[in-house]
Amino acid sequence: MNRFTSRLLALTGLLTVEVLFGLVLFIVAFAVFFYLARVVFVHHSVALDNWASGIVDGWRLAHPGLTGPVRVVTFFAALPFLLPASVIVPLLIRRAGHSRGAWEMLLAMAGSVLLNQLLKLYFNRPRPSNALLHTFGLSFPSGHAMLGFTFYGCLAWLLARHFKRPVWVAPLLLWAGLIGLTRVYLHAHYATDVLAGFAGGAAWLVAFRAGLKLFWREEEAVMHAE
């Protein structure tokens, strides 16, 4: 068997259901992000944003008491929460005997923060002027949505993969989605910011996990060779 054939077979062996699902998710997430960027910055359309704002404004008028709980929920993807959580949770994961999972969570969050800030600077979209919550920085993509999806999505993956707790996947992803909704409710972000944040977080998680998996595979191959 020549080298080309052996490498082809090795590549085929990597095409598991997990890898194929990740590839599809990455393509879909990237396409959604690209589409939203075109809607906002090329076509300058605000139809989706206005529609979403009208919906949440109706909720607020019908149920004025919602604003307090919404402010509490939105905190769970704010930097004052995520920064310590992104250190404490990996420490707990490492203590449970999953050092790679701990590094995965820590590096995923660090990379997501950096990527989100770079995207914000590139697109340079101001925040809504009628925000109910004083916020700093730029608007597109939403940091709460992107970092929240990264944190809770990565945590869901680790719980399902290493701790055999797949029952937590749906609640954690729904929680991340609810946090994103609070940003629209509070007019801290446009709906397109939040959707782009979710798409960016999903694309980043898939790309990061793929890169990390390849790195660990190469590292193990070097160790076995030695």
Q) Between the side chain of Trp204 and the main-chain N/O of Ala108, is any donor-acceptor distance below 3.5 Å? A)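 Yes.
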
(Q) I'd like to know if the side chain of His144 and the backbone of Gly180 have a donor-acceptor N/O pair within less than 3.5 Å. (A)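 No.
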
Got a second to check how far [X]'s [atom1] is from [Y]'s [atom2], nearest 0.5 Å?
X	Y	atom1	atom2	value
Arg94	Trp103	CZ	CH2	8.5 Å
Leu119	Ser142	CG	OG	12.0 Å
Phe26	Arg209	CZ	CZ	14.5 Å
Leu186	Leu181	CG	CG	9.5 Å
His162	Arg100	NE2	CZ	9.0 Å
Asp49	Thr192	CG	OG1	3.5 Å

If Ile, Leu, Val, Met, Phe, Trp and Tyr residues are connected whenever their side-chain heavy atoms lie under 4.5 Å apart, and connections chain through other members, are [X] and [Y] in the same group?
X	Y	answer
Ile55	Leu61	no
Val167	Leu155	yes
Leu173	Val28	yes
Leu172	Phe163	yes
Leu138	Phe198	no

Q. Side chains of Leu205 and Trp157: does their closest heavy-atom pair fall under 4.5 Å?
A.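 Of all side-chain heavy-atom pairs linking Trp157 with Leu205, none is under 4.5 Å.
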
Q | Ring centre gap for His134 and Phe136 strictly below 6.0 Å | A |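 Under 6.0 Å, so yes.
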
Crowding at [atom1], [X] (>12 non-hydrogen neighbours, <6.0 Å):
X	atom1	result
Phe30	CZ	no
Tyr122	OH	no
Phe34	CZ	no
Trp168	CH2	no

(Q) Using side chain to side chain contact (heavy atoms under 4.5 Å, CB included), reason through Thr67 and Tyr185 one step at a time and then give a plain yes or no. (A) CA-CA 8 Å; Thr67 302; Tyr185 181 96; 3.2 Å; yes

Q: Show your working on side chain to side chain contact (heavy atoms under 4.5 Å, CB included) between Met109 and Cys154 and close with a plain yes or no.
A: CA-CA 9 Å; Met109 287 305 299; Cys154 189; over 6 Å; no

Give the minimum heavy-atom separation between [X] and [Y], together with the two atoms involved.
X	Y	answer
Arg127	Gly137	NE-O, 3.2 Å
Thr150	Gly201	OG1-CA, 4.0 Å
Val194	Ala145	O-CB, 3.4 Å
Ser139	Pro128	OG-CD, 4.0 Å
Leu147	Ser112	CD2-OG, 3.2 Å
Leu66	Trp59	CD1-O, 4.3 Å

Using atom types as modelled, flag every donor-acceptor pair under 3.5 Å from a side chain in residues 68-90 to any protein atom, sequence neighbours excluded.
| unit_1 | atom_1 | unit_2 | atom_2 | d |
| --- | --- | --- | --- | --- |
| Arg71 | NH2 | Leu132 | O | 2.6 |
| Thr74 | OG1 | Thr182 | OG1 | 3.0 |
| Thr74 | OG1 | Arg183 | NH1 | 2.9 |
| Ser86 | OG | Leu82 | O | 2.6 |

Q | All salt bridge (charged side-chain N to carboxylate O under 4.0 Å, His left out) counterparts of Arg60, not counting sequence neighbours | A |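 Asp57.
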
**Q.** Mutual orientation of the aromatic rings belonging to Phe123 and Phe41 [parallel < 30°, tilted 30-60°, perpendicular > 60°]
**A.**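 Plane angle under 30°, so parallel.
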
Q: Evaluate side chain to side chain contact (heavy atoms under 4.5 Å, CB included) for Arg125 paired with Asp193, printing each intermediate quantity in order.
A: CA-CA 9 Å; Arg125 187 187 198 185; Asp193 300 334; 2.7 Å; yes

Q | Tyr190/Ser53 under side-chain hydrogen bond (donor to acceptor under 3.5 Å, both in side chains): CA gap, chis, key distance, verdict | A | CA-CA 8 Å; Tyr190 299 103; Ser53 294; over 6 Å; no

